[in-house]
**Student:** 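Next up is a structure, given as structure tokens.
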Amino acid sequence: MLNLDQCLGANRPLIFTVSESDMEVLQHLDRKYKDRRFFIYSTTLAKIVPLPDLLKTHFQGTTTKAARSVTTVEALGEILNKDFNTTNDKFETYVFLNADNYINDKQIIRRIKDIVARYQLDEGFTVNMVFISQTVMVPMDLERLAEVVFFNLPTETECKEFSDFLTNKLDLKDDRKLDKAGNVLSGVDRRPSLEVVNNLKGLTRFEMEQAYLQSFHIYKAKEGAGRIDLEFIRNFKKSAIAKTDLLSLMESDVTFDKVGGLGTLKSWVKKCYGGWTVEGKAFGLPQLKGLLMVGLSGCGKSLVSKAIGNEWGLPVLNFDPTRIFSSRVGDSEANMRRVLSIIETVSPCVLLIDEIEKGFAGMQSSTFSDAGTTARTIGQFLIWMQECTAPVFTVATSNNIAYLPPELIGRFDECFFVNMPQVAERKDIFSIHFKKFGRDPSKFDLEKIAEKSQDLSGREIEQALKEALYDAFYKKIDLTTEVILEVLSKKTSLLTTMAEQLNYLIRWVGWDSQKKDGIRARFASPMDEMDRSRVMSEIDTLLKEVANKPLDPNSLGIGGGGPGKC
């Protein structure tokens, strides 16, 4: 796909530009093309204004009001009827702002087609038009005549250049005083660090400037001299991305040390870190696409997803696909394009899609339910995962693999089944939570507690420990092994409450006795045939008990004579 500069260089007559900020586009044109004439039109200007005049006078409050407002149709008419010198070899480019507000008007479409026709027939008619909007809005009548380009947010190099410009503008200095060994005696470096610059990716130049100015003035008021603070920039960026309502920047202190068990999955993730290093890239390691984790709720999938970003030192973008769908025709697809553009700009990053089946279900029935909107939107994401060259690692979790299209599952480099924790893993989980609640794990019988908590998920273990703390406080005693065991004796395991779903998942994963691992997905924790056989036996027993147990009408409140009588 061509970019804006290539289209202008080829003198394409009609260019639709998708951009988060029209001012970014205008400033780019003003910086790069000194010998080309640009004219700007918007419905608020109500006239055609040369670009230099717009930037230097109109936005500084010195412009004079037009004698008569010019409509978009009239502005296009002026362009169509313009006389050019046949020896003129300089193109005039007319830029129309907020094109999505009026581009579907039939008169406007007709005028645009007339201008393109004159461009084709009249060699002296050296004009091209650029229509800027935040979404792709090309009328069907103009599709064959137009070129669509995406004006992306500033790249890493452009962020560094603009950061240097702002640093000089704010006169930021390094105020540190060092000893001979290089140790800091006093003062701070008020210039933005490399990590600050890396956090600028995904922001417009206007947002970068605002972030620097706010940080500068806040710390000038606090410390007497302004500086650029990393934590402030992170919070600013988090707020800026959240404004889109399509993505959010997730910050968490979770690392693998705070995740119990899942040894096989952790080892795979640590091994894959090499692909993000300079040495790994030099070695020729290919870029990985992503990881899919399936399993019952509460077994640690989301926790691992948060930890991956911290383990790799990458930002984690949280993407909820349900947010992109809209009732307006074309908006869902446009939202997906916008999301993917922001993700690529923020890269390198980890993209988290929690419970992906809730956002990407319904692809098969989309033709009948929503005229194919869901299928087209999911298709965009699938193509992006396949073709994306930006360093983005997608981590998706799913509680119900049955609702996911097979072509989506195949896009991930690896699929792991996150099973219920085994004995050794439950000991790790209890130890982590004991430390979290200010208790010494060595003072408890972890072996006995782990045995008693069989078939409980990590979330249920945390809930049981919280309940035990409340029981101990209520009884005015300290937390003991006995108090915990008493709570565990009353807990209903996940194996009981989710037997049918777990039965489907384990049978879907399968078991290869030679590899000692799953067939369709790998087990996230080391597991042998004995563990799997025990779980399957318990599931079969539970399902048989449910199937053979007669239904008691009184329990539903529909019988006669009992407590549930209506």
Side-chain angles (χ1 to χ4, degrees), residues 256 259-275 280 283-305 307-308 311-312 356-357 385-386 393-429 450 454-458 494-495 498-541 543:
F256 279 166
V259 180
L262 308 179
T264 306
L265 173 56
K266 288 179 182 177
S267 297
W268 185 85
V269 171
K270 289 178 180 178
K271 178 182 67 175
C272 293
Y273 173 65
F283 186 77
L285 293 179
Q287 182 69 49
L288 296 179
K289 295 294 184 180
L291 163 68
L292 174 63
M293 291 180 284
V294 299
L296 296 184
S297 177
C299 291
K301 301 186 299 298
S302 300
L303 200 63
V304 169
S305 303
I308 290 176
E311 290 292 326
W312 289 355
I356 190 172
E357 74 276 7
M385 278 198 72
Q386 183 71 29
F393 187 79
T394 304
V395 179
T397 71
S398 174
N399 296 332
N400 198 331
I401 196 72
Y403 291 125
L404 289 181
E407 55 269 36
L408 175 60
I409 300 173
R411 289 295 196 278
F412 295 93
D413 294 292
E414 194 61 270
C415 180
F416 279 94
F417 171 55
V418 182
N419 195 16
M420 292 177 299
Q422 305 302 306
V423 174
E425 295 176 316
R426 293 198 294 274
K427 289 170 65 176
D428 288 344
I429 294 171
Q454 182 173 293
D455 297 331
L456 293 183
S457 68
L494 187 67
L495 182 64
M498 304 290 288
E500 294 89 347
Q501 189 174 340
L502 185 58
N503 175 57
Y504 174 82
L505 279 173
I506 292 181
R507 295 187 188 279
W508 179 84
V509 171
W511 179 258
D512 188 322
S513 56
Q514 291 184 342
K515 294 192 302 181
K516 303 294 183 185
D517 208 342
I519 298 173
R520 294 185 180 90
R522 296 177 63 184
F523 280 86
S525 306
M527 193 174 189
D528 56 35
E529 180 64 31
M530 187 178 297
D531 291 327
R532 183 178 180 276
S533 299
R534 178 190 62 77
V535 173
M536 293 303 298
S537 177
E538 291 185 30
I539 289 174
D540 289 339
T541 302
L543 294 177

**Student:** Please give me the minimum heavy-atom distance between Gly260 and Asp428, naming the atom from each residue.
**Tutor:** CA-CB, 4.1 Å
**Student:** Can you confirm whether or not the ring centre of Phe417 sits under 6.0 Å from the ring centre of Trp508?
**Tutor:**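 Not close enough - the centres of the two rings lie 6.0 Å or further apart.
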**Student:** Can you check side-chain contact (heavy atoms from CB on, under 4.5 Å) on Ile506 and Val509, steps first, answer last?
**Tutor:** CA-CA 5 Å; Ile506 292 181; Val509 171; 5.8 Å; no
**Student:** Measure from the side-chain N and O atoms of Lys270 to the backbone N and O of Glu311, and report whether any donor-acceptor pair falls under 3.5 Å.
**Tutor:** no
**Student:** Quick check: do Gln501 and Leu296 have side-chain heavy atoms less than 4.5 Å from each other?
**Tutor:** yes
**Student:** What distance do Cys415 atom SG and Leu291 atom CG have between them, rounded to the nearest 0.5 Å?
**Tutor:** 8.0 Å
**Student:** So do Ser305 and Met293 actually touch side chain to side chain, heavy atoms under 4.5 Å?
**Tutor:** yes
**Student:** Find the distance between NZ (Lys271) and CG (Leu285) and round it off to the nearest 0.5 Å.
**Tutor:** 11.0 Å
**Student:** Mind checking whether Phe523 and Trp511 have ring centres under 6.0 Å apart?
**Tutor:** yes
**Student:** Any chance you could measure Asn503, atom CG, to Glu500, atom CD, to the nearest 0.5 Å?
**Tutor:**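 Asn503 atom CG to Glu500 atom CD measures 8.0 Å (nearest 0.5 Å).
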**Student:** Measuring from atom CG of Leu288 to atom CH2 of Trp268, what distance do you get when rounded to the nearest 0.5 angstrom?
**Tutor:**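 So the CG of Leu288 and the CH2 of Trp268 are separated by 5.5 Å.
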**Student:** Sub-3.5 Å donor-acceptor pair from the side chain of Arg426 to the main-chain atoms of Ala450, do we have one?
**Tutor:**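 At least one qualifying donor-acceptor pair exists.
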**Student:** Lys301 side chain to Val294 main-chain N or O, any donor-acceptor pair under 3.5 Å?
**Tutor:** no
**Student:** Atom CD1 of Ile429 and atom OG of Ser457: how far apart are they, to the nearest 0.5 Å?
**Tutor:**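 Taking CD1 in Ile429 and OG in Ser457, the distance rounds to 8.5 Å.
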**Student:** Counting N and O atoms only, with roles assigned by atom type, does the side chain of Glu357 sit under 3.5 Å from a partner on the main chain of Asn399, one being a donor and the other an acceptor?
**Tutor:** yes
**Student:** Do Leu262 and Phe416 touch side chain to side chain, with heavy atoms closer than 4.5 Å?
**Tutor:**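 A side-chain contact is absent here, since even the closest heavy-atom pair is not under 4.5 Å.
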**Student:** Taking side-chain contact (heavy atoms from CB on, under 4.5 Å) as the criterion, tell me which of Val395, Leu404, Ile409, Thr397 meets it with Ile356.
**Tutor:** Leu404
**Student:** Identify whether the distance between the nearest side-chain nitrogen and carboxylate oxygen of Arg522 and Glu414 falls below 4.0 Å.
**Tutor:**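 Looking at Glu414 together with Arg522, the answer is yes, because their closest N to O distance falls below 4.0 Å.
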**Student:** With side-chain contact (heavy atoms from CB on, under 4.5 Å) as the criterion, how do Met420 and Leu502 come out once you've worked through the C-alpha distance, each side chain's angles and the decisive distance to 0.1 Å?
**Tutor:** CA-CA 10 Å; Met420 292 177 299; Leu502 185 58; 3.4 Å; yes
**Student:** When you measure from the side chain of Asp413 to the backbone of Gly290, do you find a donor-acceptor pair of N or O atoms at a distance under 3.5 Å?
**Tutor:**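 Indeed, once roles are kept as given, a pair shorter than 3.5 Å links the two residues.
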**Student:** Between Gln422 and Ser525, is a side chain to side chain donor-acceptor pair (under 3.5 Å) present by the stated rule, with each step listed?
**Tutor:** CA-CA 8 Å; Gln422 305 302 306; Ser525 306; over 6 Å; no
**Student:** Could you walk me through whether Trp312 and Val269 pass the side-chain contact (heavy atoms from CB on, under 4.5 Å) check?
**Tutor:** CA-CA 9 Å; Trp312 289 355; Val269 171; 3.8 Å; yes
**Student:** Start with the C-alpha gap between Lys289 and Thr394, add the side-chain angles, then the distance that decides, and say whether side-chain contact (heavy atoms from CB on, under 4.5 Å) holds.
**Tutor:** CA-CA 6 Å; Lys289 295 294 184 180; Thr394 304; over 6 Å; no
